Every structure is written in C-alpha cells, then in structure tokens.
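Keep in mind that the numbers below use all heavy atoms, side chains included, and drop hydrogens, waters and symmetry copies. What you see is a predicted model; the values in this text were computed from it and never measured.
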Amino acid sequence: MSHQQAWGKSFKISQFQTLIEDSLTIFWGDWLELRVRIVQITSSGLISPLIYILAFGFGLGNSIKPGTGMSGNYDNYLEFILPGMVALSSMTVSFVGTTFSICGDRLFTKNFEELLLVPVHPLALHIGKMLAGVMRGLMTSLGVILVALLFTRNWNFLNPLFVMILVLSCAVFAGLGVIVGLTVKSLEAVGLYNNFVIIPMSFLGGTFFDPSTLPAALKVVVYLIPLTYASIGLRAAAYMPLSQFPWYSVPILLVMAIALSLWGAYQFSHQQD
C-alpha cells in the first residue's frame with residue numbers, strides 16, 4: 001500500500017470517528033433531558049399497549065382458539081400479540097417522542113437554530129436525534145417486555161436477536177420522527193401524521209394478526225409497512241427456532257433506517273429555521 005493510499009484510508013477512518021463522536025454528543029444533550037423523565041416517559045408510553053393487552057389479549061383473545069388465523073405454536077392469543085405490543089410501543093414512542101421533541105425546539109423554545117449552527121455533519125445531527133428516539137422507544141418497550149415476561153415466563157423476550165430487531169424498529173420510527181419533526185409547521189400537523197400514518201400502521205402492521213394468513217392483495221399493503229417486519233421478527237425471535245426465523249426482516253429494517261438517516265441528513269443540511 002502506497003503512502004497516499006494509507007493516508008486516504010486513515011483520513012476516512014478519522015472522518016468516521018468524528019461522525020460517531022459528534023452523533024454521541026448530540027445524543028448526550030438529549031439524554032440529559034431524558035434521564036430526569038425516565039419514569040414519565042416509560043409510564044405514559046405503557047398506557048396504549050396495556051389497554052390493547054387487556055382488550056385484545058384477555059377480552060377478544062378468549063374467543064380465539066390457538067391455530068385459528070395464527071401460524072405457530074401458541075397457547076393463547078395473548079402470547080401471540082405480546083411481541084406485537086412490544087413492536088407497537090417501540091413505534092409509537094420513538095416516532096411521537098422524537099417528533100414532539102424537535103417540534104418543541106423549533107416552534108416554541110426557539111433554540112433549534114443553535115443546533116443548526118453547531119459545526120458538525122448533518123448526518124451526525126440526524127443520528128444523534130435518532131439515538132435519543134431509540135432510547136425513548138427502548139424505555140417503554142422494556143416495560144412491555146416485563147409485562148410479557150410476567151404472563152409468559154418466556155426469557156426469549158430478552159435474547160440478542162429480539163433486542164436487535166427491537167433496536168432496528170426504534171431506529172426506523174425515530175428516524176421517521178426526525179424527518180416529520182423537521183418538516184411540520186405546527187403541532188396540529190403532528191396530529192395529522194399520527195392519525196393518518198401511525199394509527200393505521202398500529203392495526204395493519206401485523207401486531208394483532210398473522211400477515212401470512214391474509215389474501216394476496218392485502219399482503220401487498222401489509223408488507224409495505226415497516227411495523228410488519230418488526231412484529232413478525234419479534235414474534236419469531238420470541239417463539240420460533242432460528243431455522244424458521246424470517247431473516248429478511250433484519251436487512252429490510254436496516255435499509256429503511258439507513259435510507260431515513262440519509263433523508264434526515266439532507267433535511268438538516270437544507271433546514272431554514
């Protein structure tokens with residue numbers, strides 16, 4: 001290897017290290033605010049999943065027999081939906097928390113302009129904000145996982161594959177939250193995104209049903225939704241052997257997270273607040 005090639009490689013490594021350090025710096029600023037509200041964030045994000053667990057898992061679930069509309073070995077419908085509830089909580093909190101955090105800085109406290117003046121790469125700005133959203137999602141998801149452990153005694157809810165899918169899910173929806181937070185003009189617009197994007201995905205993303213049992217026409221719609229891959233990935237990681245795991249869900253979620261990061265970096269580089 002020539003001296004010029006070695007220098008170029010060293011320069012690229014240095015750039016990557018700087019990107020990581022800057023991203024962690026941006027994340028740390030948000031973490032200082034998050035850590036004093038851990039209980040509030042975790043408890044507020046648990047409300048919807050717990051209501052769904054009670055209404056569908058114990059209510060509707062009593063009328064659904066194992067093997068009916070569910071592929072796989074489950075003792076009851078509650079076991080089937082619990083991984084979906086983890087995916088649902090990761091989506092909701094990662095997206096909504098990230099969006100409102102950025103909107104608050106842009107529209108109310110007016111300190112977002114200071115962030116845009118920080119001499120770091122736009123991608124570092126996005127990754128830092130996304131990591132804060134991932135942390136929000138993990139806080140709430142951990143609460144749902146504890147509920148799942150209480151009812152199922154299935155320690156696969158904590159295995160590395162389950163955690164990896166969960167982190168990827170949080171990254172996708174936190175990345176989407178960053179982009180929406182940068183583009184909306186008011187908090188009312190955030191409500192529109194929640195009503196027309198998040199709520200439909202909550203019910204169509206494979207959290208309450210097995211996507212493989214749907215007609216072909218509906219499968220096209222359901223498999224366009226990121227939450228679907230999080231739900232089936234978490235469900236497989238919790239209950240299925242590795243030989244039956246849908247490995248395609250990992251690269252799909254990873255590609256979505258990377259694509260949203262590049263889009264978010266572009267948004268930051270052209271932001272005019």
Side-chain angles (χ1 to χ4, degrees), residues 34-97 133-174 198-199 201-203 205-211 227-242 244-246 249-250 253:
L34 286 175
R35 67 180 183 177
V36 299
R37 297 188 293 114
I38 290 178
V39 175
Q40 177 186 345
I41 293 171
T42 303
S43 59
S44 62
L46 272 174
I47 300 301
S48 291
L50 287 178
I51 290 175
Y52 288 137
I53 289 171
L54 291 173
F56 291 95
F58 290 103
L60 178 64
N62 289 329
S63 62
I64 299 178
K65 304 299 182 183
T68 305
M70 299 181 291
S71 61
N73 297 319
Y74 306 97
D75 292 334
N76 50 59
Y77 185 60
L78 177 62
E79 284 191 358
F80 178 82
I81 68 169
L82 280 172
M85 293 301 97
V86 177
L88 180 62
S89 64
S90 72
M91 174 188 72
T92 305
V93 176
S94 296
F95 174 82
V96 175
V134 170
M135 185 59 66
R136 289 186 182 91
L138 291 178
M139 287 179 189
T140 304
S141 297
L142 179 60
V144 182
I145 288 173
L146 292 177
V147 172
L149 291 175
L150 178 65
F151 287 111
T152 66
R153 301 291 195 276
N154 182 356
W155 292 99
N156 283 331
F157 278 89
L158 294 175
N159 72 40
L161 184 56
F162 190 96
V163 174
M164 180 181 69
I165 295 291
L166 177 58
V167 170
L168 287 174
S169 175
C170 291
V172 168
F173 292 106
I198 298 302
I199 291 179
M201 278 201 289
S202 299
F203 290 95
T207 52
F208 300 103
F209 58 87
D210 186 351
L227 185 63
T228 299
Y229 300 98
S231 297
I232 61 179
L234 292 176
R235 191 170 291 126
Y239 295 112
M240 296 182 183
L242 283 178
Q244 298 179 23
F245 184 81
S249 61
V250 176
L253 289 173

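- In terms of heavy atoms, Leu166 sits closest to Ser141 at CD1-OG, 3.6 Å.
- Listed here is the closest heavy atom pair of Gly233 and Phe245: O-CE1, 3.3 Å.
- Note that the CE atom of Met85 and the CG atom of Leu78 stand 10.0 Å from one another [nearest 0.5 Å].
- Closest non-hydrogen pair, Ala230 versus Ile165, comes out as O-CG2, 3.9 Å.
- With hydrogens and angles ignored, the 3.5 Å screen pairs a side-chain donor or acceptor of Thr207 with a backbone N or O of Ser202.
- Put simply, the side chain of Arg235 never gets that close to the backbone of Leu82: no donor and acceptor are under 3.5 Å apart.
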Decide side-chain contact (heavy atoms from CB on, under 4.5 Å) for Val163 and Leu158; before the verdict, give the C-alpha distance in whole Å, the side-chain angles of both, and the deciding distance to 0.1 Å.
CA-CA 6 Å; Val163 174; Leu158 294 175; 5.5 Å; no

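- Looking at every heavy atom in both residues, Ala87 comes nearest to Ser169 through O-OG, 4.3 Å.
- Atom-to-atom distance recorded for Phe157:CZ and Leu149:CG is 7.0 Å, nearest 0.5 angstrom.
- Every residue meeting the side chain to side chain contact (heavy atoms under 4.5 Å, CB included) condition with Leu150, not counting sequence neighbours, appears here in chain and number order: Arg153.
- The backbone N or O of Leu234 lies less than 3.5 Å from no partner atom in the side chain of Tyr239, so there is not a single donor-acceptor pair.
- In this structure, Met135 CE and Cys170 SG are separated by 10.0 Å, a value rounded to the nearest 0.5 Å.
- Under the side-chain hydrogen bond (donor to acceptor under 3.5 Å, both in side chains) criterion, Ser94 pairs with no residue at all, not counting sequence neighbours.
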Can Val144 and Leu50 be said to form a side-chain contact (heavy atoms from CB on, under 4.5 Å), step by step?
CA-CA 8 Å; Val144 182; Leu50 287 178; over 6 Å; no

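- Remark: side-chain polar atoms of Tyr229 are not paired, donor with acceptor, to backbone N or O of Gly205 under 3.5 angstrom.
- Considering CE of Met139 and CZ of Arg35, their distance stands at 11.0 Å, rounded to 0.5 Å.
- Between Ile232 atom CD1 and Met240 atom CE the span is 9.0 Å, to the nearest 0.5 Å.
- Across every non-hydrogen atom of Phe162 and Asn159, the tightest pair is N-OD1, 2.7 Å.
- Nearest heavy-atom pair across Met201 and Phe173 is CE-CE2, 3.7 Å.
- The closest side-chain heavy-atom distance from Asn156 to Leu161 is not below 4.5 Å.
- No donor-acceptor distance shorter than 3.5 angstrom exists from the side chain of Asn154 to the backbone of Ala148, with no hydrogens or angles considered.
- Less than 6.0 angstrom separates the ring centroid of Tyr52 from the ring centroid of Phe208.
- The CG atom of Leu88 sits 9.5 Å away from the CD1 atom of Ile198 when rounded to the nearest 0.5 Å.
- In the model, Thr140 has no side-chain atom that pairs as donor or acceptor with a side-chain atom of Ser89 under 3.5 Å.
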